[in-house]
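Because the structure is a prediction, the values reported are computed rather than measured. Heavy-atom basis, side chains included; hydrogens, waters and symmetry copies ignored.
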Amino acid sequence: MTHPAPDPWRDILAFHLEAGVDVALDEAPVDRFAQSAADAARARAAPSPAQISAPAQKPAAAQEPAPPRNLAAPAGAPRVTRHEPATPPAAAALITQPPDAAVMTAREAARGAASLDELRAIMEGFEGCALKRTASRLVFADGNPAAKVMFVGEAPGREEDQQGLPFVGRSGRLLDLMMAAIGLDRTRAYIANVIPWRPPGNRTPTPQETAVCLPFITRQIELANPDILVCLGGPSAQALLATSEGITKLRGRFLPYETGSRSIRAIATFHPAYLLRTPIGKRLAWRDMLAVEAALGGA
Ligand code: URA
């Protein structure tokens, strides 16, 4: 038997993929070890405070405004598949608001949106969530905002980040099948996420990131005004239903959800990504979808 010749580059790429590094953030690699060594050397050479008589001039690069971010396609525009390089992670340092202030700013900004289009524009301009700096673009929503049912997932993955649309990867394909099983498709459902920017490497969003993004998704739900809200997975259910209960206990029962304008019915079910890993859960998810279908019949 012959074995393929070892290829260290392929192995390094495979290692990165397994570690969740699946998107290039910049055109060229950045040697962060060399950067920190240079920073440390600069700090050692810097004059002591007593020696400073005038404010130090910032390096030119630090004074330059952040490069403009890619704008997500307006509603109704064709799907975007081009992947623009994202702002390098160093730009995260530009976010200066302390966490609690960012939550307050998000709340105020979201409250100011009178329509979904306005909300989207406000979120495009929001700088209080560091995830925006590493994501390629905002993933706002897909489907029909006038639909009776709204599905809300956790956060975009790689395909969603590239296309600017929620649930377009493997879990999205399963979600489409789950919806089709009860006669729904993206013209008859509205789809969004609690977190609208992809966490790097698909890591779990931090509680802080969820807290900052929560005012936006709750306003989005209020403005879309569905009759039925379906939380996909534990993190979505816990964030939207303000509970710490696990998805296994939470799923399958309708709970009241206050949109701010009225009370609607919310139900949690397993996340399609979980169902891909744990197909035995599909039996219960099927039950939940039937409950959604029945509720829509009566809505
Ligand atoms: N998982 C989510 O929670 N949302 C998406 O949009 C895609 C995968």
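In plain terms, the two heavy atoms of P166 and V139 that are nearest each other are N-CG1, 3.4 Å. The two residues R188 and G183 make their nearest non-hydrogen contact at NH1-O, 2.8 Å. Residues P199 and L131 share a closest heavy-atom pair of CA-CD2, 3.6 Å. Closest of all the heavy-atom pairs between S236 and V152 is OG-O, 2.8 Å. Among all heavy-atom pairs drawn from R219 and A113, the shortest one is NH2-O, 2.5 Å. Residues P226 and I221 approach most closely at CD-O, 3.3 Å, considering heavy atoms.
Between the side chain of R120 and the backbone N or O of F140, no donor-acceptor pair lies under 3.5 Å. When atom types are taken as modelled, the side chain of R107 and the backbone of P215 share no donor-acceptor pair closer than 3.5 angstrom. Side-chain atoms of E160 come within 3.5 Å of backbone atoms of G169 as a donor-acceptor pair (strictly under, hydrogens ignored). Counting only distance, with no hydrogens or angles, the side chain of R265 and the backbone of Y257 share no donor-acceptor pair below 3.5 Å. Not a single donor-acceptor pair under 3.5 Å links the side chain of D288 to the backbone N or O of T269. Under the 3.5 Å distance criterion, the side-chain polar atoms of E108 are left unmatched by any main-chain donor or acceptor of T105. Panel note: side chain T278, backbone L275; no donor-acceptor pair is recorded below 3.5 Å. With D7 contributing its side chain and R10 its backbone, the two residues share a donor-acceptor pair below 3.5 Å.
A donor-acceptor contact under 3.5 angstrom links the side chains of S263 and E258, judged on distance only. Judged purely by distance below 3.5 Å, without hydrogens or angles, the side chains of D185 and T187 pair a donor atom with an acceptor atom.
Around atom CZ of R283, no more than 12 heavy atoms belonging to other residues, nucleotides or ligands sit under 6.0 Å away. No more than 12 heavy atoms of other residues, nucleotides or ligands lie within 6.0 Å of CZ in R170, so this atom counts as exposed by the packing criterion. Counting non-hydrogen atoms of neighbouring residues, nucleotides and ligands closer than 6.0 angstrom, the CD1 atom of I280 reaches no more than 12 such neighbours.
Under a 4.0 Å N-O distance rule, the pair R133/E127 qualifies as a salt bridge. Note on K148 versus D227: no salt bridge recorded, every NZ/NE/NH1/NH2 to OD/OE distance being 4.0 Å or above. A salt bridge is absent between E222 and R111: the closest approach of a Lys/Arg side-chain nitrogen to an acidic carboxylate oxygen does not fall below 4.0 angstrom.
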Salt bridge (Lys or Arg N to Asp or Glu O under 4.0 Å) between E209 and R203, intermediate numbers included: CA-CA 12 Å; E209 287 158 357; R203 67 158 169 75; 2.8 Å; yes

Check the pair M150, N225 against side-chain contact (heavy atoms from CB on, under 4.5 Å), reporting the backbone distance first and the verdict last. CA-CA 9 Å; M150 178 167 178; N225 195 23; over 6 Å; no

Do L138 and F216 pass the side-chain contact (heavy atoms from CB on, under 4.5 Å) test, and can you show the C-alpha distance, the side-chain angles, and the key distance before you say yes or no? CA-CA 12 Å; L138 175 77; F216 293 122; over 6 Å; no

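Contacts of Q238 classified as side-chain hydrogen bond (donor to acceptor under 3.5 Å, both in side chains), with partners at least two apart in sequence or in another chain: none. Partners of R253 by side-chain hydrogen bond (donor to acceptor under 3.5 Å, both in side chains), not counting sequence neighbours, listed by chain and number: E245.
For the atom pair CE (M179) and CD (E293), the distance works out to 13.5 Å, reported to the nearest 0.5 Å. The distance from the OG1 atom of T210 to the CD1 atom of I217 is 12.0 Å, given to the nearest 0.5 Å.
Only one option out of L229, L184, I191 pairs with V149 in a side-chain contact (heavy atoms from CB on, under 4.5 Å); it is L184.
Aromatic pair H271/F151: centroids not less than 6.0 angstrom apart.
Put simply, the side chain of F167 does not reach to within 4.5 Å of the side chain of D142, judged on heavy atoms.
If you chain together hydrophobic residues whose side chains sit under 4.5 Å apart, F126 and M104 never meet in one group.
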